[in-house]
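These notes concern the structure reproduced below.
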Amino acid sequence: MKTVTRFAPSPTGNFHIGSARTALFNWLFAKNTKGKFLLRIEDTDKARSTKESINKILDGLKWLNLDWNNEIIYQSKKQKRHREIAEELLKKGLAYKCFCSEEELNKMREEAKILKKPFRYNRMWREKNPKESPKNIKPVIRIKSPIKGETKIDDIIQGTIRVSNEEMDDFIIMRSDGTPTYMLSVVVDDHDMNVTHIVRGHDHLTNTFRQNVIYDAMKWDKPITSHIPLILGSDGSKMSKRHGAIDVEEYKMKGILPSALINYMLRLGWSHGDDEIISLENAIKWFSLERIGKSPAKFDNEKLISVNSHYIKELKNDEIIKFLESYYSSKYKIKIDEISVKRLNLGLNDIKLRSRDLNQLAEMSLFYCSKFPLSISKKAKKYIKKADKTIFTDLLIVLENIKNDFKKQKIEEIISKFLIEKGLKLSDIIQYIRAMITGLDVSPRIYDIMEILGFVEIKKRIENFING
RNA sequence: GUCCCCUUCGUCUAGUGGUCUAGGACGUCGCGUUCUCAACGCGAAAACACGAGUUCGAAACUCGUAGGGGGCACCA
């Protein structure tokens, strides 16, 4: 049988990193088993679902390259079908109308609180004749859940879990306004979509027991479930805003590569021996739900960054230049001209080695592209302020001698000769030169940069300091 | 509160009863290299939550304790 997985987010906010990992695991499992990965938007909550949120989810999935099969299914469009199932259950006597008022329900809640028991609907309308119903109340439809015995689920990740049926009550499947609840919708949609494997967050584990009641009532085959542990913040509490970035979009803005985020999320809960850097190809080949751990993982930004810097090193120059084009044009209103492209192609390899994220890479490469005069960073300014102008005036004269053969070995030679004559060490001047020609305090090797920029450009930048 | 789940270095994890004086990665620290560095090289510190039991033998199995997480809506 062909496997079918689904990712079923509710569009009520941003695209959370936890949801992204759920999507990834579904996607990987589908790819690994050569099955299908479907996307369903659970927008039954009209009040909270937004178009923006749907777009964020879609953008995020596309950015991560988690492509889905078939058309997107919008749960809200399936309500007629959900209602039919509820009617059918009603007709079969497996569900019933409940005419409880808000007050009656609140009373049950209070009683439960006093008895220190969890709230459970007392099933007062389960056997009552609907003719006794109060006229002023629109009923909900509740499903008859078993009163005695226990329910067992076999979860691929969590193993076998048994819960006494007394823990469950007759939950609502249709609201009083005639709309289906989540619990009904998921089951009907998963069944209609022929979903074979449900991979979702651990927070849904107890829902499985409720959903089983519906499957049993309809005599439908149950999908196999895998409840993946949640991602926690660095302090072990639920991941939230105060832990920093939690939405996929934020990672993109921070210059994280989709490949890096995928690799990092994959290793949160799943492993393959000692492998850390795992190509997508291997991820698909090796992935299995059985190998997902049961304990929740804390999100570690430092590790993400280190994975990211690895993937940055693998980037091709033209991919980077494409990124730089949009980064520079939106942030600095700079266009990358032909000469800058030439310089970038010569200099990017060195910069890739020391970049933790794309934004940092862009800032570090800026000196290859910026128009004269250069913008100078705070730390670089400090160096420049301290530099002795006469030394650099003399240095320029020396450099001018080799302007027709401005190669790094030559530059190195002539500078060391210059230093000996002046009785200086390289470290006496290197940071000043760096600041003047890159506007930064950190950069690749100076001789390489000088060669790439060429004498004319170097002269301009140093003179700017001397005259400034 | 209640039901369910979880617990190996700071973090992610390897580990499926003997090969574990517990391996890898990130981070930390030290040393080296270099022209700065968030690069590179080498090295170090660092964990089986606790207590019982099963067993010739337990990080691994069982039970308890503690700590953590999740569910308990006319939300999804």
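Bear in mind the structure is a predicted one, so any value in this text is a computation, not a measurement. Lettering follows sequence order; numbering is per chain, from 1.
Rounded to whole angstrom, the span from the NZ atom of A:K408 across to the P atom of B:U34 amounts to 17 Å. Following rounding to the nearest Å, A:I157 (CD1) and B:C5 (C1') show an atom-to-atom distance of 12 Å. Atom pair A:R354:CZ and B:C37:C1' shows a separation of 7 Å (rounding to whole Å applied).
Phosphate contact (OP1/OP2 of B:C74, side-chain N/O of A:T181, threshold under 4.0 Å): absent. Between B:C40 and A:K313, a contact under 4.0 Å exists linking OP1 or OP2 to a side-chain N or O. The side chain of A:K294 contributes no N or O atom lying less than 4.0 Å from OP1 or OP2 of B:C5. Side-chain nitrogen and oxygen atoms of A:R267 include none within less than 4.0 Å of the OP1 or OP2 phosphate oxygen of B:C26.
Within the 3.5 Å criterion, the main-chain N or O of A:R356 finds no donor-acceptor partner in the side chain of A:S309. No donor-acceptor pair under 3.5 Å is formed between the side chain of A:R162 and the backbone N or O of A:E150.
Nucleotide B:U28: paired with B:A44 (Watson-Crick or G-U wobble, both distances less than 3.5 Å). Pair assignment for B:A66: B:U7, on the basis of Watson-Crick or G-U wobble contacts that are both within less than 3.5 Å.
Within the nucleic acid shown, A:D441 comes within 4.0 Å of at least one base atom, counting heavy atoms only. Using a 4.0 Å heavy-atom cutoff across all strands shown, A:S443 reaches at least one base atom of the nucleic acid. The residue A:Y447 sits close to a base: some heavy atom pair falls under 4.0 Å. When heavy atoms are screened at a 4.0 angstrom cut-off, A:L353 is found touching the sugar-phosphate backbone but no base atom.
Residues satisfying the salt bridge (Lys or Arg N to Asp or Glu O under 4.0 Å) criterion with A:R210, sequence neighbours excluded, are absent altogether.
Taking atom P on both nucleotides, B:U65 is separated from B:A76 by 37 Å, rounded to a whole Å. If you take atom P in B:G15 and the same atom in B:G27, they sit 23 Å apart, rounded to whole Å.
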Quick one, give me the B/S/- string for nucleotides 27-33 of chain B, reading 5' to 3', where B means a protein heavy atom under 4.0 Å from the base and S means that only happens at the primed atoms, P, OP1 or OP2. S------
Sugar-phosphate or base contact per nucleotide [nucleotides 65-71 of chain B; S, B, -; heavy atom under 4.0 Å]: ----BSS
